[in-house]
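The structure appears below as structure tokens.
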Amino acid sequence: MTGAGGSAAQTGPAHPDGPSLVWLRDDLRLGDNPALTAAVERDRPLTLVYLLDETSPGIRPLGGAARWWLHQSLVSLAADTAALGGRLVLRRGAAATVIAELVDELGAGAVFWNRRYGEAERDVDTQIKASLTEAGIVAHSFAGSLLFEPWTIRTGGGTPYTVFTPFWRACTAGPPPRTPYPAPASLDLPGDTDAASPARSTPATLPSDDLDSWELEPRHPDWADGLREAWTPGEGAAQQLLAAFLDDALPRYGTERDLPAQQATSRLSPYLRWGEISPHQIWHATDVARRGLTGAAASSATRFLTEVGWREFAYHVLFHAPDLATANLRPGFDAFPWPPLDERALQAWRQGRTGFRLVDAGMRELWRTGSMHNRVRMVTASFLIKNLLIDWRLGEQWFWDTLVDADPASNPFGWQWVAGSGADAAPYFRVFNPELQAAKFDPANEYVRQNVPEWGTGAYPQPIVDLGETRRAALAAYEQVKNSRPVS
DNA sequence: ATTTTCTTAAA
DNA sequence: TTAAGAAAA
């Protein structure tokens with residue numbers, strides 16, 4: 001049980017001057033948080049809440065790696081909040097119910113949040129905003145997770161973009177993204193000095209779940225040692241990582257970003273996923289760093305921001321195609337002749353025992369660290385789809401469960417991109433050769449040896465398929481899709 | 001964000 | 001025979 005008075009989804013009488021509630025979701029940060037900034041400016045006592053919603057319809061359950069990350073992030077956020085004199089309250093349940101309860105317990109006058117872009121999440125938020133407004137409580141939503149709101153970027157014909165380059169050109173042609181907000185100086189905001197304070201609970205007394213009771217961390221077995229070693233979740237770590245990346249790797253990003261053995265990528269994706277850093281913070285810090293660079297190094301900075309642009313594009317596509325994770329964006333692909341599922345092949349892929357060094361290295365990096373270098377993601381995905389002829393959705397699900405950075409847009413978008421079924425996707429005939437990719441991008445087998453210690457010994461598995469044969473089979477299968485009539 | 005095969009030109 | 005570039009998949 002949580003709370004004393006919270007009983008139903010009904011909100012009590014409105015208290016226009018009542019405390020503020022800031023509902024954090026995919027924005028687990030205090031810096032550059034528009035909802036938090038607006039709440040602080042309202043200048044009423046303020047409570048932060050994170051709620052674990054496993055019951056609202058259509059919300060995709062978090063994967064295992066994501067749950068681990070979330071736990072660490074909430075620990076970090078609670079500490080950062082406390083350091084500013086504030087309090088993070090944890091609750092679990094259907095969002096509409098929990099928010100109504102909290103508003104009631106606090107006698108809150110206003111609720112603030114930053115927007116989400118999945119359909120189920122938007123439906124939840126829209127309904128909550130409507131009931132709050134009806135009850136006379138102010139509900140404000142903000143743009144905190146994307147540089148460009150999906151509905152603001154339109155082609156000349158008024159339709160959503162389906163090709164990245166014109167999309168990003170349109171985004172960057174307009175005014176630059178707003179500069180980031182600083183973190184509030186204090187979250188200990190003054191209460192009402194009048195006698196008739198409407199709040200039933202103060203932030204200090206509002207009941208909170210014990211984070212451990214959510215059981216986000218794996219037990220029996222605890223498989224998270226590799227994650228603990230690889231990552232320090234939290235806003236502070238994100239800022240340090242960004243600064244170190246801009247200082248060190250940014251100038252060589254353009255030439256080395258494809259080499260998985262180099263530390264030339266930012267590794268910021270999980271922090272972006274959870275909003276521990278905002279794209280605005282990345283944009284402006286990179287823009288500043290770019291001014292100190294010339295030639296190829298300056299192009300590296302532009303290229304890095306273009307990668308942030310691909311994330312924007314994935315959300316743009318998700319907004320307009322909510323079932324991105326389950327339905328082919330090009331309906332013609334519904335006719336793809338997937339053969340009966342080969343469970344053994346799928347398992348070999350998941351476990352990194354396919355006998356192809358770069359594929360196995362990537363899959364093992366994923367299992368151990370909860371992440372995988374971008375180049376290798378393309379190679380492992382292409383191998384599953386085109387050499388094993390296994391439906392991209394099964395790969396997407398595995399990544400969803402094992403990646404700390406899996407988000408509802410980039411993960412399915414990337415899989416559909418490789419499959420050829422997506423927006424501005426790789427052409428269907430673009431089949432990666434994992435051995436050639438290994439030779440090109442990991443020529444000294446550094447990355448392979450880091451992740452597959454037995455590679456080159458008798459203990460390393462034999463290849464489970466013939467690359468030439470399976471490539472031809474994939475091309476033959478895609479030939480059927482090419483000729484099939486899309487449903488229109 | 002490709003690979004393979006074909007063509008041409010040079011040795 | 002090989003390298004490089006174009007074309008096809």
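Each chain gets a letter, A, B and so on, in the order its sequence line appears, and its residues count up from 1. All heavy atoms count here, side chains included; hydrogens, waters and symmetry mates do not. Just so it is clear, the model here is predicted, and its values are computed rather than measured.
- If you take CZ of A:Arg430 and C1' of B:dT2, they are 6 Å apart, rounded to a whole angstrom.
- The OH-C1' distance, from A:Tyr478 to B:dT2, rounds to 13 Å in whole Å.
- Nucleic acid contact for A:Arg377: none, since no nucleic acid atom lies under 4.0 Å from a heavy atom of the residue.
- Atom NZ in A:Lys386 sits roughly 13 Å away from atom P in B:dT4 (whole-Å rounding).
- Checking A:Gln347 against A:Arg344 by side-chain atom types alone, no donor-acceptor pair falls below 3.5 Å.
- In this structure, A:Arg267 satisfies the cation-pi test against A:Trp231, with its NZ or CZ atom closer than 6.0 Å to the six-membered ring centre and inside 45 degrees of the ring normal.
- Residue contacts shown for A:Glu435 are absent, as no nucleic acid heavy atom lies under 4.0 Å away.
- Taking only side-chain nitrogens and oxygens, A:Lys440 never comes nearer than 4.0 Å to OP1 or OP2 of B:dT2.
- Straight-line distance from the CZ atom of A:Phe356 to the C1' atom of B:dT3: 15 Å, rounded to whole Å.
- In this structure, the CD atom of A:Gln437 is 14 Å from the C1' atom of B:dT4, given to the nearest Å.
- Counting to the nearest Å, the P atom of B:dT2 and the CG atom of A:Leu358 are 14 Å from each other.
- In this structure, A:Lys386 fails the cation-pi test against A:Tyr428, since its NZ or CZ atom is not both closer than 6.0 Å to the six-membered ring centre and inside 45 degrees of the ring normal.
- Put simply, A:Asn433 has a side-chain N or O that comes within less than 4.0 Å of OP1 or OP2 on B:dT4.
- In this structure, a donor-acceptor pair under 3.5 Å is present between the side chains of A:Ser73 and A:Trp69.
- Atom pair A:Phe429:CZ and B:dT5:P shows a separation of 15 Å (rounding to whole Å applied).
- Atoms CG (A:Leu436) and P (B:dT2) sit 11 Å apart, rounded to a whole Å.
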